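Here the structure comes first, spelled out in structure tokens, and everything after it is commentary.
Both backbone and side-chain heavy atoms feed into the values below; hydrogens, waters and symmetry mates do not. Order of the sequence lines sets the chain letters (A, B, ...), proteins ahead of strands, with each chain counted from 1. What you see is a predicted model; the values in this text were computed from it and never measured.
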Amino acid sequence: MPNKGKIVAGVLAPHPPHLVYAENPPQNEPRAECGWENLRWAYERLRKSLSHLDYDVLVVHSPHWRTQVGTHFLGVEKFSSLSVDPVFPNLFRYHYDLAVDVSLAQQIHDQAEKEGLTVKMMKNPHFRIDYGTIISCHMTNPTWDKPIVGISSNGAARYFNMEVLQAEMLRLGEATRKAIEDSGKKAVLLASNSLSHRHFTVEGEVPEDMSREHISNHNQYLWDMKIIDLMKKGKTEEILSIMSDFTETATAETDGGSLSWLLSALKIPKYPAEIHGYGSVIGTGNAVVEWRTPL
Amino acid sequence: MSSTGKSPFGLVLPGLPQILLCPEKNPGWEKLFLAFQQLRSEMETQSIDGLILYSTYWPSVIGHQIQSYPEPQWTHVDDEFHDLGSIPYHFRVDSDLAQTINEQAKARGLHSRTVSYKGFPIDTGCVVALKLLNPDNRWPVVIVSSNVYADRAETIVFGKAAKGAIESSGKNIVPIIITSLSNRLHTHWIRPEEDHIHSLKDQEWNQKILEFLSAGRLEDVSQLSRQFHREARVPKVANFKPFWWLASVLGQNNFYTGRIYEYQPVFGSGAAIISLTPSDRAARDLEFDENDPEKFLGERQVIS
């Protein structure tokens with residue numbers, strides 16, 4: 001019987017491709033001069049914080065692997081290919097080579113299925129990993145020395161409404177936690193989403209020209225600050241209670257369910273989160289936020 | 001090749017992978033597969049120089065994107081139906097036409113760009129439709145995106161950019177929209193033989209659209225797009241735009257001969273193969289009350 005596993009930290013880890021672009025890692029083809037430092041430095045602080053933690057695996061829930069029939073899990077041990085962002089191909093053409101903890105993925109899948117959720121393992125070796133998963137994982141752990149578990153997001157917010165999606169994500173979060181505990185592994189969870197998510201529809205000649213960067217509108221900014229304030233105060237239950245309004249009014253990327261899943265897996269934390277940073281990317285609001293699970 | 005290019009007809013095509021990868025598993029999917037074959041063999045007897053695909057499966061945010069990489073090549077796997085198999089593809093793109101569409105779009109005030117990158121992810125809808133309709137790359141293609149924030153005016157202008165590019169090319173180009181009618185998939189796994197349109201309401205709306213299109217009433221369907229979006233579409237984007245684009249390219253009127261090659265459910269959605277050929281006589285000349293913009297005058301802050 002292995003030791004009881006644990007979620008050692010949960011992170012809101014947004015995935016704008018601009019952040020990887022501005023970092024200029026060798027895996028990414030385009031080159032940048034600079035850009036979006038407040039968020040890149042937020043990720044630096046996150047990495048520093050996580051470097052003090054002992055963990056085995058990153059578990060990432062991504063809005064850009066969208067499935068309509070339940071929740072899917074990466075089920076192949078190795079993926080190596082090129083990811084080109086269909087929206088920002090000028091910024092993100094990333095050569096990835098990553099390992100998947102298929103055993104843990106299967107355990108989460110089985111636990112979720114046991115609790116009545118519709119689930120599926122993705123076993124096609126030609127499958128291309130979505131850029132949300134890659135970017136959140138790269139910015140959190142650019143050495144890629146930990147395996148990942150990749151979880152799709154479900155489209156129930158559009159098929160039904162946000163309440164339906166959130167109810168499912170709360171169950172998925174619980175299933176994720178239970179499976180991790182049973183696995184004996186120590187996991188860091190990543191919710192790969194922005195907060196407010198209304199983009200600009202134009203881009204300058206120099207994408208990293210920061211004189212053009214700001215939040216799309218003040219309404220979104222106020223909503224983002226409201227959510228962040230609740231995170232700082234440990235009032236995540238209140239976040240869940242206003243998630244539908246936030247998602248609709250701020251056109252937030254929480255419509256993929258990643259944040260709801262994360263908060264549920266973390267047992268809806270009442271302790272304050274660490275806000276590593278906030279910034280806009282092509283008009284959207286993004287925060288890098290860490291919940292360090294109490295000992 | 002004529003001096004002024006034109007669109008001899010337009011097409012509505014579905015793009016779910018069941019039709020390509022496992023048609024034998026459901027009689028309806030097989031009928032769609034056979035209808036693609038029939039359409040292809042009929043097109044091979046006509047003078048066609050290329051295809052332009054407007055794909056509802058390719059969302060864009062930064063204005064409008066136009067595929068211009070000369071020979072996209074990859075092995076595609078669908079995000080949802082990955083267990084059905086992989087789809088190797090190697091397409092032939094008309095980069096010059098793509099560039100002309102881009103120039104026309106910019107001249108009309110749109111933010112647009114060509115994309116030409118190795119490994120760019122061509123969407124499932126286009127991959128499926130091209131593998132079925134154009135398996136030997138007989139016709140070069142251009143693929144254009146569907147902007148998530150665009151509404152009618154912007155989409156109409158984008159269609160006019162394509163029309164202008166076709167005319168200046170001197171070629172016969174077939175505009176194609178890759179879309180389902182009702183798009184609600186089943187949200188649980190079904191056996192192939194259990195497939196059906198997700199709801200009676202979706203089925204009735206699909207039949208209404210098919211009735212209009214079979215009568216050649218493209219502009220009337222275009223005018224119904226917003227209501228159809230509310231009634232029979234999962235609201236994943238601002239609106240149901242493909243018929244706006246198609247009407248803009250072919251002509252915003254009801255002067256068409258419509259032909260329904262096939263209509264069947266695919267995993268709950270309505271999949272139809274339809275052609276619309278310009279005709280001398282209007283099926284029905286209804287009034288419509290929206291503007292017909294020539295230039296895009298700025299974003300209208302549409303919420304996706």
#### Entry: Proximity of residues 56-83 of chain B to chain A, residues having a non-hydrogen atom under 4.5 angstrom
B:Trp58, B:Pro59, B:Val61, B:Ile62, B:Gly63, B:Gln65, B:Trp74, B:Thr75, B:Val77, B:Asp78, B:Asp79, B:Glu80, B:His82, B:Asp83
### Query
When the ring centroid of A:Tyr96 is compared with that of A:Tyr94, is the distance short of 6.0 Å?
no
### Task
Examine distances only and state if a side-chain atom of B:Glu154 and a backbone atom of B:Phe296 form a donor-acceptor pair shorter than 3.5 Å.
no
### Query
Can you check whether A:Ala32's main-chain N or O pairs, donor with acceptor, with A:Asn24's side chain at less than 3.5 Å?
yes
### Task
Give, as side chain, backbone, both or neither, the part of A:Ser152 having an atom under 4.5 angstrom from any heavy atom of chain B.
neither
### Task
Compare all side-chain heavy atoms of B:Phe243 with those of B:Leu224 and state whether any distance is below 4.5 angstrom.
no
### Message
Check for me whether the distance between the ring centres of B:Tyr54 and B:Trp244 falls short of 6.0 Å.
### Response
no
#### Entry: Side-chain donor or acceptor of A:Asn193 paired with backbone N/O of A:Ser258 under 3.5 Å
no
### Task
Verify whether one side chain among A:Arg128 and A:Ser81 offers a donor that lies under 3.5 Å from an acceptor in the other.
no
### Task
Let me see the working for A:Thr284 and A:Asn286 under side-chain contact (heavy atoms from CB on, under 4.5 Å), right down to the final yes or no.
CA-CA 7 Å; A:Thr284 65; A:Asn286 299 272; 3.1 Å; yes
### Query
Using 30° and 60° as the class limits, which term best fits the ring planes of A:His15 and A:His64: parallel, tilted or perpendicular?
perpendicular
### Query
Using a heavy-atom distance cut-off of less than 4.5 Å, which residues of residues 16-24 of chain B contact chain A?
none
### Task
Using modelled atom types only, decide if a donor and an acceptor are shared between the side chain of A:Ser136 and the backbone of A:Thr133 within a distance under 3.5 Å.
no
### Message
Taking side chain as everything from C-beta outward and backbone as N, CA, C, O, which of these in A:Phe88 sits under 4.5 Å from a heavy atom of chain B? Side chain, backbone, both or neither.
### Response
both
### Message
Under a 3.5 Å cutoff, is there a donor and acceptor pairing between the side chains of A:Glu203 and A:Asn90?
### Response
yes
### Message
Strictly distance-based, threshold 3.5 Å: is any side-chain N or O of B:Asn183 a donor or acceptor partner for the main-chain N or O of B:Leu181?
### Response
no
### Task
Using a heavy-atom cutoff of under 4.5 Å, enumerate the residues of residues 185-196 of chain B that contact chain A, numbered in order, or state 'none'.
B:Leu185, B:His186, B:Thr187, B:His188, B:Trp189
### Summary
Cut-off 4.5 Å, heavy atoms of chain B, and the answer for A:His72 is side chain
### Message
Looking at A:Asn154 and A:Gly70, would you say the former's side chain and the latter's main chain have a donor-acceptor pair under 3.5 Å?
### Response
yes
### Task
Give me the ring orientation class for A:Phe246 and A:Trp223: parallel if the planes are under 30° apart, tilted from 30 to 60°, perpendicular past 60°.
tilted
### Query
At what distance, to the nearest 0.5 angstrom, does CH2 of A:Trp36 lie from OH of A:Tyr21?
6.5 Å
#### Entry: Engaged part of A:Thr67 at the chain B interface, taking heavy atoms whose separation is under 4.5 Å
both
### Message
Just to be sure I understand the criterion: a residue of residues 102-109 of chain B counts if one of its heavy atoms is under 4.5 Å from a heavy atom of chain A. Which ones qualify?
### Response
none
### Message
Looking at B:Tyr89, I'd like to know if its OH atom is crowded, meaning that more than 12 non-hydrogen atoms belonging to other residues, nucleotides or ligands lie closer than 6.0 Å.
### Response
yes
### Query
Counting distance only, does the side-chain N/O of A:Arg171 pair as donor-acceptor with the main-chain N or O of A:Glu115 below 3.5 Å?
yes
### Task
Assess whether salt bridge (Lys or Arg N to Asp or Glu O under 4.0 Å) is satisfied between B:Asp151 and B:Arg226, documenting all intermediate values.
CA-CA 10 Å; B:Asp151 210 328; B:Arg226 287 198 177 97; 3.5 Å; yes
### Task
Report the option among A:Met121, A:Lys120, A:Lys123 that has the most heavy-atom pairs separated by less than 4.5 Å from atoms of chain B.
A:Lys120
### Task
For A:Glu77, look at atom CD and say whether over 12 heavy atoms of other residues, nucleotides or ligands are found less than 6.0 Å away.
no
